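Working notes, structure below.
In this text the structure is predicted, and so the values were computed from the model without any measurement. The basis for the numbers below is simple: all heavy atoms, side chains too, and nothing from hydrogens, waters or symmetry mates.
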Amino acid sequence: MKTAVKAGPDREIVSVYPYRSACPKAVWAELVEQAKQEILFAGYTNYFIFLEQPHFHLTIQRKLDQGVRVRFLLGNPESETTRAREAVEDTPLSVSTRIRIAQDNLAKVTAREGLEVRYSAEEDAANHVGLSVFRFDHDALVCTHLARLVGHDSPMLHLRKRDEHGMFDRYAEHAEELWDRAAPAR
């Protein structure tokens with residue numbers, strides 16, 4: 001039983017997960033399903049969503065058909081930041097391969113009207129690789145990457161916008177700044 005009501009900035013925190021992989025798949029599916037205006041995947045690779053959500057390219061297509069703006073901000077698989085992160089993580093499934101998995105799945109979206117895909121600018125890549133923001137209208141999942149850990153092993157917050165200039169807005173503004181300086185993906 002709760003004994004206190006959240007009244008300060010922490011009232012935007014819906015849930016906290018010690019690992020991104022601890023967030024139930026149903027939460028991701030529900031946030032995507034409920035989005036009516038925009039979806040932004042601003043993780044460096046974004047590949048996991050295609051593995052965890054069956055036929056996610058069809059879900060993207062359906063959301064586009066409903067008039068939802070869908071954006072993916074990826075790291076450039078050929079960049080120095082990507083190569084450096086691969087050396088840090090030292091995992092068999094490399095960062096560049098994970099980015100390409102996302103790109104291959106995005107290529108399956110047939111009617112691409114409303115789908116935008118960009119690479120983060122090289123000067124922003126270090127900030128992008130260390131912090132993922134996944135936005136669904138007024139909800140966001142924010143994953144802060146720890147040291148050598150890959151995204152699924154890093155902590156994540158579920159935020160919901162309740163105040164102007166609160167936690168949600170701060171992370172949303174970060175993602176928009178990265179997006180604004182990003183270049184169209186090849």
Side-chain angles (χ1 to χ4, degrees), residues 1-53 56 59-60 62-64 66-75 85 98-99 102 106 114-121 124-147 149-182:
M1 182 169 144
K2 284 190 174 183
T3 57
V5 175
K6 290 182 180 182
D10 65 333
R11 71 189 192 117
E12 289 194 325
I13 300 172
V14 176
S15 191
V16 176
Y17 302 97
Y19 303 90
R20 187 189 73 207
S21 57
C23 178
K25 293 176 187 176
V27 170
W28 291 91
E30 181 179 309
L31 291 173
V32 169
E33 190 57 39
Q34 290 177 353
K36 303 297 183 218
Q37 297 172 328
E38 74 171 296
I39 296 170
L40 171 61
F41 276 85
Y44 200 77
T45 66
N46 297 304
Y47 81 105
F48 69 93
I49 195 69
F50 295 99
L51 304 179
E52 294 178 359
Q53 299 292 318
F56 193 65
T59 300
I60 292 170
R62 185 170 41 77
K63 296 310 285 187
L64 291 168
Q66 294 170 357
V68 176
R69 180 183 188 197
V70 180
R71 299 180 290 163
F72 278 79
L73 179 63
L74 301 168
R85 187 64 192 175
R98 296 192 314 255
I99 294 167
L106 288 166
L115 176 63
E116 301 170 72
V117 183
R118 293 183 183 178
Y119 290 147
S120 56
D124 292 329
N127 291 324
H128 185 199
V129 78
L131 177 66
S132 298
V133 178
F134 309 100
R135 184 174 174 192
F136 314 89
D137 291 343
H138 296 292
D139 280 89
L141 298 172
V142 177
C143 186
T144 57
H145 301 277
L146 301 178
L149 299 180
V150 295
H152 66 265
D153 285 334
S154 294
M156 190 170 72
L157 300 170
H158 178 181
L159 303 174
R160 182 166 297 131
K161 182 177 177 62
R162 299 203 187 280
D163 298 312
E164 293 298 316
H165 312 295
M167 296 262 307
F168 175 90
D169 282 349
R170 302 283 316 276
Y171 285 111
E173 289 165 6
H174 167 80
E176 290 301 324
E177 185 175 335
L178 295 179
W179 179 262
D180 289 344
R181 289 197 299 258

Just verifying a value: how many Å separate [X] [atom1] and [Y] [atom2], rounded to the nearest 0.5 Å?
| X | Y | atom1 | atom2 | value |
| --- | --- | --- | --- | --- |
| D139 | E12 | CG | CD | 10.5 Å |
| R118 | L178 | CZ | CG | 11.5 Å |
| T144 | R20 | OG1 | CZ | 11.5 Å |
| L106 | L74 | CG | CG | 6.5 Å |

Closest non-hydrogen atom pair between A182 and S120, with its separation: CB-CA, 4.0 Å
Heavy-atom pair with the smallest gap, counting every atom of L73 and N46: O-ND2, 3.0 Å
Is any side-chain heavy atom of [Y] closer than 4.5 Å to one of [X]?
| X | Y | result |
| --- | --- | --- |
| R162 | M167 | no |
| I60 | F50 | yes |
| V133 | L40 | no |
| V129 | H145 | no |
| L31 | H158 | yes |

Which pairs, with at least one residue in residues 165-175 and sequence neighbours excluded, count as a side-chain hydrogen bond (donor to acceptor under 3.5 Å, both in side chains)? K161-D169
Quick one: list whatever passes side chain to side chain donor-acceptor pair (under 3.5 Å) with [X], sequence neighbours left out.
| X | result |
| --- | --- |
| E38 | R71 |
| R69 | E116 |
| Q37 | none |

Donor-acceptor pair, distance only, cut-off 3.5 Å: does the side chain of [X] make one with the backbone of [Y]?
| X | Y | result |
| --- | --- | --- |
| K63 | V70 | no |
| E52 | K25 | no |
| D180 | E177 | no |
| R135 | D137 | yes |

By salt bridge (Lys or Arg N to Asp or Glu O under 4.0 Å), E30 pairs with (sequence neighbours left out) none
For atom NZ of K36, decide whether the heavy atoms of other residues, nucleotides or ligands shown that lie under 6.0 angstrom number more than 12. yes
Please list all pairs meeting ring pair (Phe, Tyr, Trp, His ring centres under 6.0 Å) that have one or both residues in residues 23-48, counting only residues at least two apart or in different chains. W28-F48, W28-F134, F41-F56, F41-F72, F41-F134, F41-F136, Y44-H128, F48-F134
